[in-house]
Asker: 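After the structure tokens below, expect a handful of questions from me.
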Amino acid sequence: MNKRIALASLLASLGAISGQALAADTELNLYSARHYQTDEALYADFTKQTGIKVNRIEAKEDELLERIRNEGANSPADILITVDASRLGKADELGLFAPLKSDVINQRVPAHLRTDTWIAFSTRARVIVYNPTMLRAEQVSTYESLADPALKGKVCTRSGSHPYNLSLGAAMINHHGADKTEAWAKGIVTNFARAPKGGDTDQIKAVSAGECGVAIANSYYFARLMNSTKPDDQKVVASVGFIWPNQQTTGAHINVSGAGVLKHAPHKEAAKKFLEYLTSDQAQIYFADGNNEWPVVASVKTANPALTRLGAYKADTLEISKLAGSVTEAQRVFDRAGYR
Ligand code: FE
């Protein structure tokens with residue numbers, strides 16, 4: 001090892017040790033894959049309340065995971081914040097998180113939305129959007145119905161290997177088993193109006209344009225269009241039907257924004273404090289509203305106009321750890337079904 005690097009890593013580990021030994025941490029290093037203005041106000045408020053300075057590194061999910069792995073024991077990262085249980089589950093599988101024990105969090109966050117290492121802060125639903133001039137709502141009221149041969153040439157989704165669809169597949173594996181999920185995925189592929197392309201908003205717009213009869217999208221993309229003042233977005237919203245899927249059965253598939261304290265975090269106390277802070281009433285509203293999501297703390301209500309208009313719905317209460325644990329299998333199932 002080069003002398004300078006050796007000295008740097010020695011200093012880094014001394015820093016880590018002294019950081020852990022100190023009674024009170026004065027700063028916190030946050031690795032975040034969320035990029036919303038509202039999150040910034042949230043971090044400023046945490047600093048005001050605790051005196052703990054928040055340093056933020058923002059990057060794409062996979063880059064953050066790679067970076068934390070490469071930094072290893074010398075990583076300055078205290079917390080990883082990202083979206084989708086599949087990504088949080090991947091970080092967990094890589095052994096990046098420290099065990100998390102907090103009475104505050106256990107009281108605030110429902111049991112199915114937390115694991116032993118990471119927790120959800122806000123939820124989003126995977127919903128169905130359809131074109132009422134092409135289909136009736138009753139034809140597309142469940143995820144399962146989208147594989148119905150009657151919908152041939154009408155279904156659109158983003159890529160099957162995107163985390164959002166893999167998580168939906170993982171939930172279906174938990175509810176129906178791998179074989180039925182594979183048959184479903186084959187049905188989806190057979191029913192495609194076009195090969196998967198674009199993000200969820202593109203699918204909603206293609207439904208509005210009549211290129212697709214029906215599509216799957218995360219709720220916040222639809223809520224974002226609802227809250228948009230652009231006439232084109234308003235036209236899209238007015239021209240499509242919105243469905244909470246599986247209301248008579250498993251409930252709408254739920255995913256999350258979440259976070260965990262990292263195994264080599266130099267400021268573990270501050271990190272735990274920050275996660276607890278994120279479950280406070282004010283932080284819950286900020287965090288969820290920042291991306292048109294719902295708070296995980298049941299008593300907290302948002303005043304987001306789009307979410308108020310969409311109203312209440314039955315959500316799938318599948319344990320988030322079980323969901324994350326089936327994502328790898330979902331990828332295999334989708335590969336076999338040719339859902340790419
Ligand atoms: Fe998204």
Side-chain angles (χ1 to χ4, degrees), residues 30-40 42 56 58-65 80-91 113 118-129 143 156-171 196-208 212 214-228 230 233 236-237 240 242-245 252-260 278 284 286-296 302 304 306-307 310 313 315-316 320 323-324 327 330-331 334 339-340:
L30 200 68
Y31 280 26
S32 172
R34 278 179 57 112
H35 325 273
Y36 309 114
Q37 288 286 320
T38 40
D39 288 3
E40 206 147 322
L42 189 77
R56 196 157 33 133
E58 282 191 354
K60 288 218 156 94
E61 295 81 7
D62 294 337
E63 286 167 34
L64 287 180
L65 289 189
L80 172 70
I81 292 191
T82 187
V83 297
D84 207 279
S86 66
R87 292 180 176 128
L88 289 150
K90 189 176 170 198
L113 294 176
W118 57 270
I119 63 169
F121 291 116
S122 59
T123 61
R124 64 273 291 283
R126 201 131 180 80
V127 300
I128 293 172
V129 173
Y143 304 112
C156 287
T157 76
R158 75 194 302 162
S159 163
S161 40
H162 191 277
Y164 300 164
N165 285 330
L166 289 175
S167 287
L168 174 60
K197 63 171 179 180
D200 285 354
T201 301
D202 299 308
Q203 314 310 316
I204 300 170
K205 287 180 175 171
V207 167
S208 170
C212 318
V214 61
I216 308 177
N218 276 356
S219 50
Y220 58 86
Y221 293 109
F222 193 76
R224 193 183 294 165
L225 290 171
M226 286 175 83
N227 281 335
S228 166
K230 288 186 194 151
D233 292 343
V236 168
V237 170
V240 302
F242 177 97
I243 286 174
W244 295 118
H253 167 64
I254 291 300
N255 215 305
V256 301
S257 287
L278 282 186
Q284 277 286 293
Y286 259 86
F287 200 78
D289 256 357
N291 191 32
N292 297 299
E293 297 178 60
W294 293 275
V296 293
T302 66
N304 184 314
L307 299 186
L310 289 175
Y313 65 99
D316 191 348
I320 205 79
L323 174 68
V327 168
Q331 178 75 74
F334 283 4
Y339 185 18
R340 303 215 160 80

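Sequence positions, counted from 1, serve as the residue numbers for this chain. Treat the numbers as computed from the prediction; the structure is a model and nothing was measured. No hydrogens, no waters, no symmetry mates; every other heavy atom, side chains included, goes into these values. Just so you know, ligand 1 is whichever comes first in the structure, and atom 1 is the first atom listed for that ligand.
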Asker: When you draw lines from the Fe ion (ligand 1) to OH of Y221 and to OH of Y164, what angle lies between them, to the nearest 10°?
Answerer: 130°
Asker: List the atom of N291, the atom of Y220, and the distance in Å for their closest heavy-atom pair.
Answerer: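 For N291 versus Y220, the nearest heavy atoms are O-CB, 2.9 Å.
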Asker: Taking the side chain as C-beta and beyond, is there a heavy-atom pair between V256 and I320 under 4.5 Å?
Answerer: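 Yes; the side chains approach each other to less than 4.5 Å.
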Asker: Between D200 and R126, is there a salt bridge with N-O shorter than 4.0 Å?
Answerer: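 Yes, charged N to carboxylate O under 4.0 Å.
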Asker: Any side-chain heavy atom of W244 within less than 4.5 Å of one from L310?
Answerer: yes
Asker: Has Y220 got an N/O/S atom less than 2.8 Å from the Fe ion (ligand 1)?
Answerer: yes
Asker: Taking backbone and side chain together, does N291 place any N/O/S atom at a distance below 2.8 Å from the Fe ion (ligand 1)?
Answerer: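 Under 2.8 Å: N291 has no N, O or S contact with the Fe ion (ligand 1).
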